[in-house]
Amino acid sequence: MSQEPQSYRGESTRAVHSGEERSKFARSLTNPIAQTATFVFDNLDEFTDFKAGKVKHFEYGRYGNPTVRVAERKLAALEGGEEALLFPTGMSAVTSVLLAMLRQGQHVVFMEDCYRRTVQFCKIIQKFGVESTAVPPGDWAALEAAVRPSTRILFAESPTNPHLHVVDLERLVPFAREHRLKVLIDSTFATPYNQRPLEYGVDLVIHSATKYLGGHNDLMAGSVCGGGAIIAGIKDFRNVVGTMADPQSSYLLIRGLKTLALRMERQNTTALHMAQYLEQHPKVERVYYPGLPSHPDHEIARRQMRGFGGVVSFDVAGDLERTRNFIHALRLPYLAPSLGGVESLVSHPATISYYDLSAEDRQAIGIKDQLVRYSVGIEDEEELLEDLEQALAQV
Ligand SMILES: *Cc1c(COP(=O)(O)O)cnc(C)c1O
């Protein structure tokens, strides 16, 4: 009955079973939620044995929890990494990892089109004496020029938000090795179903588990996955700063992860069809989707990804007014700032994510007024396309 996680071969088998004990508390089938702040010892000898590594035991909620642990083991199995850690949000994963790894006088290179809050954090850490340089995606000359003797980390996202640029990992990892840099990839938009950065030699993979990993728009979490030694250092740091995930969200994540492959297959297919449909539509000026041959990174994505993900970005032909009308005419997707869940969501980056930038500053980073980001849910493709059709007919 009991099996070692290594013997779970397929993507979905691993998603359902890995990280879990076959025999759980009170023989319950699903994983119990250990809703506790601390853990009990019989006597001081047991505590001493625990500290000496002779017995397995949890100690205090900030250092570890059995429900969180199952979610972490499952994530590590899906990503193909030795160890994983779970955090309360994607941003707490990003910030904890960077703070744990960097010290005063060091330097980070990140891609200009990283998640906006990550970019902001790279500026915030200046107050701790950590410098950073942003480089445009795919600009190898700029990347080469940005690296300094003090550079320690290369941080990239793949695919990026909202233009879905894909970083060429076969080229990035050797570049980083040559310059003795650690490579961190925020792989939120891809999920381990579509892309496995660790197989290319990337050091750490970060996710906002709020998105596809949770998959149901009902939890917030973040994760980092990689080799045992580097993760152990980050865990020591997490023990101190306290960015520990909670058991309720971990349970929801365990539950959500079980259907990851099913959801991703569906979302990959629907998004590709939606991108193809939009690309031939006269009222759409341009579509950004790595699964389309027209995308600048299509060839890289084809080599590196199993599917191209569930987000499609596009420019509506016309101006801001027409784009607003189009978004307001959509009936199925909710208008909300997230992605990756079972419910389709639509976003207008110029209004929602970049509302505080001037029109000129938005233009400079390619966020046009006509840009729409559509996160495809698991609704039936036919209805999603019909809804797009009727909304485009109204502009
Ligand atoms: C949402 C997101 C984050 C931040 O995650 P939260 O869970 O919202 O804190 C980081 N990176 C990417 C690519 C994201 O989409």
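As the structure lists them, so they are numbered: ligands from 1, and atoms in each ligand from 1. Given the structure is predicted, the values throughout are model-derived calculations rather than measurements.
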Visitor: In the single-linkage hydrophobic clustering (I, L, V, M, F, W, Y; side-chain heavy atoms under 4.5 Å), do F237 and V224 co-cluster?
Guide: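 Cluster IDs for F237 and V224 match.
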Visitor: Considering only the protein, which heavy-atom contact is closest to atom 4 (C) of ligand 1, and what is its distance?
Guide: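 Heavy-atom neighbour on the protein nearest atom 4 (C) of ligand 1: Y115 CE2, 3.5 Å.
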Visitor: Looking at ligand 1, does any of its N/O atoms fall within less than 3.5 Å of an N/O of F189?
Guide: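 No; the residue has no nitrogen or oxygen that sits under 3.5 Å from a nitrogen or oxygen of the ligand.
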Visitor: Need the ligand 1 atom indices (1-based, order shown) with element for anything under 4.0 Å from a heavy-atom of E157.
Guide: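 Heavy-atom distances to E157 below 4.0 Å select 13 (C).
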Visitor: Can you list the ligand 1 atoms lying under 4.0 Å from a non-hydrogen atom of T188?
Guide: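 Close to T188: 12 (C), 13 (C), 15 (O).
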Visitor: Show me which atoms of ligand 1 lie under 4.0 Å from any heavy atom of M220.
Guide: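 Per the distance check, 7 (O), 8 (O).
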Visitor: Same cluster for M274 and L345 if Ile/Leu/Val/Met/Phe/Trp/Tyr side chains link at under 4.5 Å?
Guide: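 Different clusters: M274 never reaches L345 through Ile, Leu, Val, Met, Phe, Trp or Tyr contacts under 4.5 Å.
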Visitor: Side chain or backbone, does K211 bring an N or O within less than 3.5 Å of an N or O on ligand 1?
Guide: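 Yes - when backbone and side-chain N and O of K211 are compared with those of ligand 1, one distance drops under 3.5 Å.
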Visitor: Would you mind telling me which of T36, N65, N239, T38 makes a side chain to side chain contact (heavy atoms under 4.5 Å, CB included) with Y60?
Guide: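 Testing Y60 for a side chain to side chain contact (heavy atoms under 4.5 Å, CB included) against T36, N65, N239, T38 leaves exactly one candidate, T38.
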Visitor: Would you mind checking if R266 and D380 are paired as a salt bridge, meaning a charged N to carboxylate O distance below 4.0 Å?
Guide: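 Yes.
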Visitor: Are any of the side-chain nitrogens in R73 or E20 under 4.0 Å away from the carboxylate oxygens of its partner?
Guide: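 No, this pair does not count.
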Visitor: What is the nearest protein non-hydrogen atom to atom 11 (N) of ligand 1, stated with its residue, atom name and distance?
Guide: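 The closest heavy atom on the protein side is D186 OD2, 2.7 Å.
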Visitor: Could you find the nearest protein heavy atom to atom 7 (O) of ligand 1 and give me its residue, atom name and distance?
Guide: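 Its nearest protein heavy-atom neighbour is T210 OG1, 2.6 Å.
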Visitor: Which residue owns the protein heavy atom closest to atom 9 (O) of ligand 1, what's the atom, and how far is it?
Guide: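 Result for atom 9 (O) of ligand 1: M91 N, 2.8 Å.
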Visitor: Hey, which atoms in ligand 1 end up nearer than 4.0 Å to a heavy atom of G90?
Guide: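 Answer, ordered by atom number: 5 (O), 6 (P), 7 (O), 9 (O).
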Visitor: Just jot down the ligand 1 atoms closer than 4.0 angstrom to any heavy atom of T89, in number order.
Guide: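 Selected atoms, number and element: 7 (O), 9 (O).
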Visitor: If you take all heavy atoms of T151 and H107, which pair is closest and at what distance?
Guide: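 Where T151 meets H107 most closely, the heavy atoms are OG1-ND1, 2.8 Å.
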Visitor: Decide whether an N or O pair under 3.5 Å exists between S208 and ligand 1.
Guide: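 Indeed, backbone or side chain, S208 has an N or O that close.
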Visitor: Is the closest heavy atom of N161 to ligand 1 under 4.0 Å?
Guide: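 Outside the 4.0 Å threshold, so no.
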Visitor: What is the distance from atom CZ of F41 to atom CD of E59, rounded to the nearest 0.5 Å?
Guide: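 It is 5.5 Å, given to the nearest 0.5 Å.
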Visitor: Please say yes or no: joined through hydrophobic side-chain contacts below 4.5 Å, possibly via intermediate residues, are L262 and L253 part of one cluster?
Guide: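 Different hydrophobic clusters.
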Visitor: Are M91 and F128 connected in a single hydrophobic cluster, I mean Ile/Leu/Val/Met/Phe/Trp/Tyr linked by side-chain heavy atoms less than 4.5 Å apart?
Guide: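 Same hydrophobic cluster.
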Visitor: Would you say ligand 1 has an N or O under 3.5 Å from any N or O of V94?
Guide: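 In this structure, V94 places no N or O atom under 3.5 Å from an N or O of ligand 1.
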